[in-house]
A.B. asks: 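Supplied in C-alpha cells, the structure appears directly below.
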Amino acid sequence: MRTWPGSAYPLGATHDGVGTNFALFSEVADKVELCLFDDDGQETRVTLEEVDGFVHHGYLQGVGPGQRYGYRVHGPYDPAQGLRCNPQKLLIDPYAKAIDDGIGWDESLFGHTFDDPDQRNDLDSAGHAPYSLVTGPWFEWADDRLPRTPYHRSVIYEAHVKGLTMQHPGVPEELRGTYAGIAHPVVIEHLQKLGVTALELLPVHQFLTDGALREKGLSNYWGYNTIGFFAPHDAFASRPGHQVEEFKAMVRALHQAGIEVILDVVYNHTAEGNHLGPTLSMKGIDNASYYRLVEDDQQFYMDYTGTGNSLNVRSPHTLQLIMDSLRYWVTEMHVDGFRFDLAATLAREFYDVDKLATFFELVQQDPVVSQVKLIAEPWDVGPGGYQVGGFPPLWTEWNGEYRDVVRDFWRGAPSTLGEFASRITGSSDLYQDNGRRPYASINFITAHDGFTLADLVSYEQKHNEANGEDGRDGADDNRSWNCGVEGPTDDPEVRELRIRQRRNLLTTLLLSQGVPMILHGDELGRTQGGNNNAYCQDNEVSWVDWSLLESDAELVQLVADLTAFRRDHPVFRRRRFFEGKPVRKGDELGDIAWFTPSGEEMTEQNWEDDFGRAIVAFLNGEAIVERDERGERLVDDSFLMAFNAHHEDIELTLPGPDHGPGWQLVIDTHTGLVRSEPGGDVVPAHGAFTLPARSVAVLQLVTP
C-alpha cells in the first residue's frame with residue numbers, strides 16, 4: 001500500500017478512482033493514525049505525517065469504496081482543560097460519508113455513565129466505535145432535477161423512513177423500513193394521491209441508541225442522536241453497505257414523481273453526550289473545538305438541547321463542518337431542503353439566541369444552501385429559546401403558535417377570535433415586520449413530537465407507560481380534547497364527533513395561509529394509544545398501520561380533495577399578507593373581511609370576546625394582485641369560510657349584496673363534502689345558512 005502526502009482539502013475520505021485521500025482536522029493532536037480494517041477486523045495503522053492548518057492528511061493508493069477505517073488521535077488527556085485525546089479509542093471520521101454501525105463495537109459500553117470520568121474513559125476504551133466507510137462518488141442520476149416547488153404551492157408530509165413503510169402490505173418484506181421501501185411505487189402513489197409536494201424525513205444522518213434505552217429493550221427510534229453528519233443511517237438500507245446508493249435512488253424516484261425531499265437535521269448536539277458519555281468521534285479528536293464547554297470547568301458541557309452537549313457554533317471548524325454537510329446533501333445527495341432541529345441553539349454564539357449569529361450569515365451568502373428550503377424548529381431548551389417569528393427572512397419556521405391556537409379553538413378553550421384569525425391568515429403579527437411572507441409559517445397541528453391527530457381528539461392525558469419513565473416524559477400541555485371519553489370507545493356519538501373534529505382540523509390546516517404540514521398516518525387515523533412521546537418505540541406504536549387505509553378511506557379522500565382544492569384556488573395560498581382594505585384604485589371591497597354569525601362586520605369588542613366560538617371570513621378572489629409563473633395576474637373566485645366550534649348549530653346570516661349576490665356550498669366538514677365545483681342550492685345575500693355544531697363550511701361566490 002503506497003502512501004502519498006495527499007491534500008488537506010476536502011476533509012474526510014475522498015476516492016478518485018485510483019486511491020483515497022484522507023484528511024482530519026485536529027488542533028490539539030500530536031499525531032493522527034489512520035486505521036484500516038480488513039474483512040476479518042485486522043487493523044493496519046498509517047500515520048498521517050502531513051499537517052497543514054491543523055489538518056492531518058495523506059493519500060493511499062489502491063484504497064477504494066467499502067474500505068473500513070477510523071482514526072486514533074494521540075494528544076493530551078486533561079478533561080478539566082477540555083482535552084480528551086485517547087489513542088486507545090478508534091474514532092469515527094466526522095466527515096465519513098457512510099458508517100458501518102456496530103461491527104467490532106462493544107455496544108454494551110455505549111451510554112453507560114460512571115461517577116469517575118477516568119473510570120469511564122478506561123472502560124469505554126475496551127471497545128471501539130463503528131467503522132467509517134470509504135464511498136465512491138458514482139451514481140446514475142439520469143436527468144434528475146430538483147422540483148423546486150415554491151413554498152406557497154407546497155404541502156409537506158412529515159414521515160419516518162421505517163415507520164412509514166414497515167407495515168405496508170404492498171411493499172416487499174425485504175424493503176420495508178428502508179429507503180428502497182419509500183421509493184416503492186405504492187408509497188409514492190399514496191403521497192401523490194394526497195397531493196403531497198415534499199416528504200420531510202425524520203433524521204437520516206447516522207445515529208445511535210444509548211445504553212439506557214437499550215437496557216429497557218427500547219431504541220432511539222426518532223433518530224435525534226446523530227454521530228455522522230454526512231452518512232445516511234445504515235439501518236435504513238435494505239442491503240448492508242449500500243445506504244448511500246439506496247438513499248440516492250429514493251431521492252431520484254421521489255423527484256420523478258414531483259416530490260421534494262426535506263431532511264430533519266440535528267446540528268445542535270451529538271450522540272457523545274455529556275462528560276460521562278462515550279468518546280466516539282469529535283470528543284476524542286478536538287473536544288474544545290467541536291463542543292461548547294463550561295468556561296470555568298471545561299470537563300463539563302453546555303447543554304441547550306437537553307441531551308448532554310451542544311455543538312460549538314463559535315468555532316470556525318464546527319461551522320465549516322455544518323456548512324460542508326449541508327452542501328454535500330444538496331450537491332451530492334440531491335435533497336431539496338432541511339428542517340433544523342432546535343435551531344435556536346445554532347444562534348447561541350455566546351449565551352443568548354442571536355439572529356445575527358455567524359451561522360445565519362454563512363447560510364445567507366452560501367450559493368448552494370441559500371437556494372433550498374430552510375425550515376427552523378425555532379426553539380431550544382435554553383433561556384430565551386422560544387423564538388417563533390424571530391428567524392431571518394431567508395428562513396421559514398415551524399409555527400408553534402399556529403398549532404396551539406388552532407387546537408384551542410377546536411377544543412373550545414377560551415381564546416380570542418382575533419388570534420385564531422391571525423393564525424389561519426399567515427400569522428402576519430409574527431412574520432410581516434421583517435419582510436417575510438405568509439409562507440414563512442409552516443403550519444402544523446400534529447408532528448412526530450406529541451399526539452397523532454386521532455389521539456388529539458381521543459385523549460386528554462398522555463399515556464407513555466411503555467417508555468419506561470413512569471409518565472415523566474412527554475408534554476403535559478397537549479391542548480387536546482377526548483370528545484367525552486378517554487381513549488377507545490364504542491359510543492357512536494363520540495366516534496362520529498371525533499371523525500368530524502379530525503375533518504375540522506385538517507380542513508383548517510389545508511385552507512390556512514402558509515405552508516401546511518401533515519404528520520404521516522394522520523390521514524389514516526393512526527393512533528399511538530395516547531403516547532405523546534414515542535421517540536423510543538420502534539414498533540407498532542409508531543409504525544403506520546396501513547390496514548386503516550380501507551376503514552379510513554373517506555379521510556384519505558378528504559385530504560386529497562382538500563389539497564386539490566387548495567391547488568386550484570390561489571386565494572388559499574397567497575404570497576402576500578391580507579391588508580383588509582382595497583388593494584387597487586377603484587376597488588370597493590377589501591381583500592378580506594370578517595363577519596359575526598349575524599352577518600355584521602366584526603367590531604373590536606367582537607375580536608376580544610374570549611368566548612367567541614364562530615366566525616366568518618370573506619376572501620376576495622379579485623384582490624390577489626399576484627402573478628403566476630407566466631407573469632399573468634392571478635384571479636380567483638371569492639369564498640366565505642365559516643367556522644363553528646360551538647357545541648350547537650348556528651344560524652348564519654350571510655353578508656349583503658356588496659360581497660356577492662349568492663353563495664353555494666363547496667366544503668362541509670359535517671358531512672365530509674368537498675366539491676371541486678359549486679353545486680347545490682344557492683344561498684342569497686343576507687340569506688340564512690345553518691352551520692352545524694363543530695364544523696367548517698366553505699361557500700363559493702355564484703357568478704352571474
Side-chain angles (χ1 to χ4, degrees), residues 101-102 107 110-111 157-169 171 173 176-179 181-182 187 200-227 233-236 264 266 271 305-307 339 341-342 377 444-476 478 480 482 486-488 518-548 552:
D101 184 2
E107 290 189 353
F110 175 53
Y157 189 84
E158 190 197 29
H160 186 281
V161 170
K162 187 172 184 179
L164 181 61
T165 61
M166 195 62 189
Q167 297 190 104
H168 199 302
V171 175
E173 188 171 352
R176 294 175 189 171
T178 70
Y179 306 120
I182 286 183
V187 176
E200 182 177 307
L201 294 174
L202 267 67
V204 300
H205 289 174
Q206 189 76 34
F207 59 86
L208 300 174
T209 293
D210 62 64
L213 282 176
R214 191 176 294 109
E215 287 174 357
K216 297 176 184 177
L218 302 172
S219 68
N220 194 313
Y221 168 71
W222 284 349
Y224 291 94
N225 206 32
T226 304
I227 198 60
H233 190 57
D234 65 331
F236 294 156
D264 192 335
V266 188
T305 65
T307 59
R339 179 266 190 190
D341 177 63
L342 301 181
E377 181 185 36
F444 68 105
I445 294 168
T446 56
H448 67 275
D449 187 1
F451 282 144
T452 66
L453 184 64
D455 289 353
L456 188 67
V457 300
S458 303
Y459 295 92
E460 292 187 5
Q461 305 296 325
K462 62 185 181 184
H463 297 269
N464 297 358
E465 294 79 10
N467 294 356
E469 299 182 40
D470 297 324
R472 294 186 300 272
D473 65 305
D476 294 315
N478 294 290
S480 59
N482 62 20
E486 186 75 357
I518 304 167
L519 173 63
H520 75 182
D522 274 355
E523 76 280 10
L524 299 171
R526 182 176 76 88
T527 177
Q528 293 179 167
N531 191 323
N532 74 346
N533 189 35
Y535 76 102
C536 56
Q537 298 296 325
D538 186 4
N539 49 49
E540 289 83 356
V541 172
S542 290
W543 300 342
V544 173
D545 181 1
W546 288 94
S547 69
L548 298 169
D552 264 311

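The basis for the numbers below is simple: all heavy atoms, side chains too, and nothing from hydrogens, waters or symmetry mates. For clarity, every value in this text was computed on a predicted model and none was experimentally measured. Start at 1 with the first residue, then count along the sequence.
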A.B. asks: Start with the C-alpha distance between Cys536 and Leu213, add both sets of side-chain angles, then the distance that settles side chain to side chain contact (heavy atoms under 4.5 Å, CB included), and finish with yes or no.
C.D. replies: CA-CA 8 Å; Cys536 56; Leu213 282 176; 3.9 Å; yes
A.B. asks: Is Thr165 close to Phe236 at the side-chain level, that is, under 4.5 Å between some pair of heavy atoms?
C.D. replies: no
A.B. asks: For the atom pair CZ (Arg472) and CG (Asn533), what is the distance rounded to the nearest 0.5 Å?
C.D. replies: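 Going from CZ on Arg472 over to CG on Asn533, the span is 12.5 Å.
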A.B. asks: Between the side chains of Asn225 and Asp210, is a donor N or O closer than 3.5 angstrom to an acceptor N or O?
C.D. replies: no
A.B. asks: Between the side chains of Asp522 and Thr446, is a donor N or O closer than 3.5 angstrom to an acceptor N or O?
C.D. replies: yes
A.B. asks: Could you check whether any side-chain heavy atom of Arg526 comes within less than 4.5 Å of a side-chain heavy atom of His520, counting everything from C-beta outward?
C.D. replies: yes
A.B. asks: In Å, rounded to the nearest 0.5 Å, how long is the span from OG1 of Thr209 to CG of Asp538?
C.D. replies: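 Between Thr209 OG1 and Asp538 CG, I get 8.5 Å after rounding to 0.5 Å.
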A.B. asks: Check the pair Phe451 / Asn531 against side chain to side chain contact (heavy atoms under 4.5 Å, CB included), numbers first and verdict last.
C.D. replies: CA-CA 7 Å; Phe451 282 144; Asn531 191 323; over 6 Å; no
A.B. asks: Please examine the side chains of Gln167 and Val544, heavy atoms only from C-beta on, and report whether any two atoms are closer than 4.5 Å.
C.D. replies: no
A.B. asks: Sub-3.5 Å donor-acceptor pair from the side chain of Ser458 to the main-chain atoms of Ala454, do we have one?
C.D. replies: yes
A.B. asks: Starting at CG of Leu524, measure out to CG of Leu453 and round the result to the nearest 0.5 Å.
C.D. replies: 11.0 Å
A.B. asks: Mind checking whether Trp222 and His448 have parallel, tilted or perpendicular rings, split at 30° and 60°?
C.D. replies: perpendicular
A.B. asks: Does a side-chain heavy-atom distance below 4.5 Å link Tyr224 with Asp264?
C.D. replies: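 Tyr224 vs Asp264: side chains touch.
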A.B. asks: Does the pair Thr527 and Asp455 meet the rule for a side-chain hydrogen bond (donor to acceptor under 3.5 Å, both in side chains), with working shown?
C.D. replies: CA-CA 6 Å; Thr527 177; Asp455 289 353; 2.5 Å; yes
A.B. asks: Would you say the side chain of Leu202 lies within less than 4.5 Å of the side chain of Val161, judging by non-hydrogen atoms?
C.D. replies: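 The answer is no; the side chains never approach within 4.5 Å.
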A.B. asks: Can you name the nearest heavy-atom pair linking Asp545 to Ser547, along with the distance?
C.D. replies: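 It is OD1-OG, 2.6 Å.
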A.B. asks: When you measure from the side chain of Glu377 to the backbone of Arg339, do you find a donor-acceptor pair of N or O atoms at a distance under 3.5 Å?
C.D. replies: no
A.B. asks: Which of parallel (below 30°), tilted (30 to 60°) and perpendicular (above 60°) describes Phe207 and His233?
C.D. replies: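 Aromatic pair Phe207/His233 classed parallel.
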A.B. asks: Testing the basics here: between Asn464 and Gly474, what is the closest heavy-atom pair and its distance to 0.1 Å?
C.D. replies: ND2-CA, 3.9 Å
A.B. asks: Does a side-chain heavy-atom distance below 4.5 Å link Arg214 with Lys216?
C.D. replies: no
A.B. asks: Show your working on side chain to side chain contact (heavy atoms under 4.5 Å, CB included) between Arg176 and Lys162 and close with a plain yes or no.
C.D. replies: CA-CA 7 Å; Arg176 294 175 189 171; Lys162 187 172 184 179; over 6 Å; no
A.B. asks: So do the side chains of Tyr221 and Gln537 get within less than 4.5 Å of each other, counting heavy atoms only?
C.D. replies: no
A.B. asks: Show your working on side chain to side chain contact (heavy atoms under 4.5 Å, CB included) between Tyr157 and Leu201 and close with a plain yes or no.
C.D. replies: CA-CA 8 Å; Tyr157 189 84; Leu201 294 174; over 6 Å; no
A.B. asks: Indicate whether any N or O donor in one side chain lies under 3.5 Å from an N or O acceptor in the other, for Tyr459 and Gln528.
C.D. replies: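 No.
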A.B. asks: Side chains of Asn467 and Asp473: do they bring a donor and an acceptor to under 3.5 Å?
C.D. replies: yes
A.B. asks: Which atoms form the tightest heavy-atom contact between Ala159 and Leu164, and what is the distance?
C.D. replies: CB-CD2, 4.0 Å
A.B. asks: Roughly how far, to the nearest 0.5 Å, is CD1 of Ile182 from NE2 of His160?
C.D. replies: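 One finds 9.5 Å between NE2 of His160 and CD1 of Ile182.
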A.B. asks: Rounded to the nearest 0.5 Å, how far apart are CD1 of Ile227 and CD of Gln206?
C.D. replies: 9.0 Å
A.B. asks: What's the separation between atom NE2 in His205 and atom CG in Asp341, rounded to the nearest 0.5 Å?
C.D. replies: 11.5 Å
A.B. asks: For the CD atom on Gln461, are there more than 12 heavy atoms of other groups (residues, nucleotides or ligands in this structure) within a distance under 6.0 Å?
C.D. replies: no
A.B. asks: Any side-chain donor paired with an acceptor under 3.5 Å for Asn532 and Asn478?
C.D. replies: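 Judged by distance alone, the side chains do pair up.
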